[in-house]
Amino acid sequence: PVFVSMALISAGGAAITVAAAERRLYGLLLLGAFLQGPSFAIGSNYRFVAAEFFSSGGFSAAARTRAISLTVGCAMFAAVVGPESVRHARDSLKHPYTGSYVIVVGLYCLQALLAALVDYGFLERQQRAAAAKAKAQHDAELAEHAQQLALHEAKLAEAAELAIKQAAEANGGAGNASNGAQDETSSGSATLASQSTPQLMVAPSMPSRPPLRSVRQVLLSPEFLVPTISAAICFVTMAAVMSVSPVAMKLDGHSYDQSTYAIDGHV
């Protein structure tokens, strides 16, 4: 799955930053940070995965809302635990920040392990169960319609037989009747047949799905562009604030611990 692979790639990037901190190589540090970047985007999708787990299968809307709330709440807890762990491990090894990056490697490996333990097939089984339930309901409606159709045909045959019988009795009693009398008898029989015929039900049909759009249509649609551009602006602003704040606080004489507290409050 994507969650496991991205966590492992991020763990590799954090390992590169460990080497960068030991050898004081800025370019290597940028490479390690680059490899960890996608994990932030993937981490934002955990709440949506939690919602998908409770989107069907008999779960209520309250259960889905609770799942999203718990996921976001755990993220807020991690936003405090993560920086504090890194702060305490900053000078644990020979070179500054090396211990912090080692902690990050361990956290990414733990994330990959937990993501691998999730039964993502549960979502597919839920979708299959929902599709099977809809098909069974549709088949039941078709069977009911077939029964109504058979009843309709039986009533129609009975009405036609009754009309023929009445016409034969009328012809036998009156002998050679005029054409006008025959037309009146036929009209009355047709009226009787139409009164005896039940209203025919319309056959139910499966709900139609909207046509699938191509990837290009999705990427160029306002539904995709507006939230994507908005999210990009928000994340760039957040990253700028988180990057500049510790530097500005250090220039003003604040300690590393104090800048960590500021980052905790920001997150």
Side-chain angles (χ1 to χ4, degrees), residues 2-48 50 68-115 224-267:
V2 177
F3 295 106
V4 178
S5 60
M6 285 296 102
L8 293 177
I9 292 174
S10 299
I16 292 177
T17 56
V18 172
E22 289 182 349
R23 304 188 181 191
R24 319 300 292 177
L25 296 176
Y26 183 67
L28 199 61
L29 180 68
L30 293 179
L31 176 61
F34 175 78
L35 293 177
Q36 296 176 62
S39 65
F40 294 97
I42 295 299
S44 301
N45 288 321
Y46 279 113
R47 69 193 73 179
F48 303 113
I68 298 176
S69 300
L70 289 174
T71 305
V72 176
C74 291
M76 294 178 64
F77 175 75
V80 177
V81 174
E84 288 299 317
S85 301
V86 170
R87 180 175 68 87
H88 288 289
R90 175 196 177 196
D91 298 321
S92 59
L93 297 179
K94 180 179 179 180
H95 299 283
Y97 299 102
T98 305
S100 300
Y101 291 128
V102 171
I103 294 294
V104 174
V105 173
L107 291 176
Y108 279 129
C109 291
L110 179 61
Q111 177 184 349
L113 176 61
L114 294 177
F224 175 82
L225 290 176
V226 173
T228 300
I229 295 175
S230 301
I233 294 174
C234 291
F235 274 93
V236 168
T237 304
M238 182 185 69
V241 172
M242 293 182 66
S243 301
V244 173
S245 297
V247 177
M249 292 180 67
K250 184 177 180 179
L251 293 177
D252 288 338
H254 295 283
S255 65
Y256 176 78
D257 291 344
Q258 290 175 329
S259 63
T260 303
Y261 295 147
I263 295 298
D264 290 344
H266 165 75
V267 176

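Remember, predicted model here, so these are calculated numbers, not experimental data.
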* Mind jotting down which residue pairs meet the side chain to side chain donor-acceptor pair (under 3.5 Å) criterion with at least one end in residues 240-254? Sequence neighbours excluded, please. => H254-Q258
* Structure fact -> Residues pairing under side chain to side chain donor-acceptor pair (under 3.5 Å) where one sits in residues 16-26, two or more places apart or in two chains, turn out to be none
* To do: Specify the closest pair of heavy atoms between A21 and H95, including all atoms of both residues, with the distance to one decimal.
  => O-CB, 3.9 Å
* Structure fact -> CD of Q111 to CG of L8, rounded to nearest 0.5 Å, is 9.5 Å
* **From M6 atom CE to S39 atom OG, the distance as rounded to the nearest 0.5 Å** => 9.0 Å
* Asked: What's the shortest heavy-atom distance between A112 and V4, and which atoms?
  -> O-CG2, 4.0 Å
* **Distance in Å, I229 CD1 paired with C234 SG, rounded so as to fall on 0.5 Å steps** => 12.0 Å
* Asked: Looking only at heavy atoms, which two atoms of A14 and V104 are closest? And how far apart?
  -> CB-CG1, 3.7 Å
* Asked: What pairs meet the salt bridge (charged side-chain N to carboxylate O under 4.0 Å, His left out) rule with one or both residues in residues 77-86, with sequence neighbours excluded?
  -> E84-R87
* Asked: Taking only residues two or more places apart in sequence or in another chain, which ones pass side-chain contact (heavy atoms from CB on, under 4.5 Å) with F34?
  -> none
* Check side-chain contact (heavy atoms from CB on, under 4.5 Å) between L93 and all other residues, then give those that pass, not counting sequence neighbours. => T98, V102
* Asked: At their closest point, which heavy atom of S85 faces which heavy atom of I103, and how far apart are they?
  -> CB-CG2, 4.1 Å
* Structure fact -> Taking every heavy atom of V105 against every heavy atom of A15, the minimum-distance pair comes out as CG2-N, 3.4 Å
* Just jot down the ring pair (Phe, Tyr, Trp, His ring centres under 6.0 Å) partners of Y108, sequence neighbours excluded, or say none. => none
* To do: Would you give the length of the straight line joining atom CG of L30 to atom CG of L25, rounded to the nearest 0.5 angstrom?
  => 11.0 Å
* Rounded to the nearest 0.5 Å, how far apart are OG1 of T237 and CE of M242? -> 13.0 Å
* **For A11 against C109, the heavy-atom pair lying closest together** => CB-SG, 4.1 Å
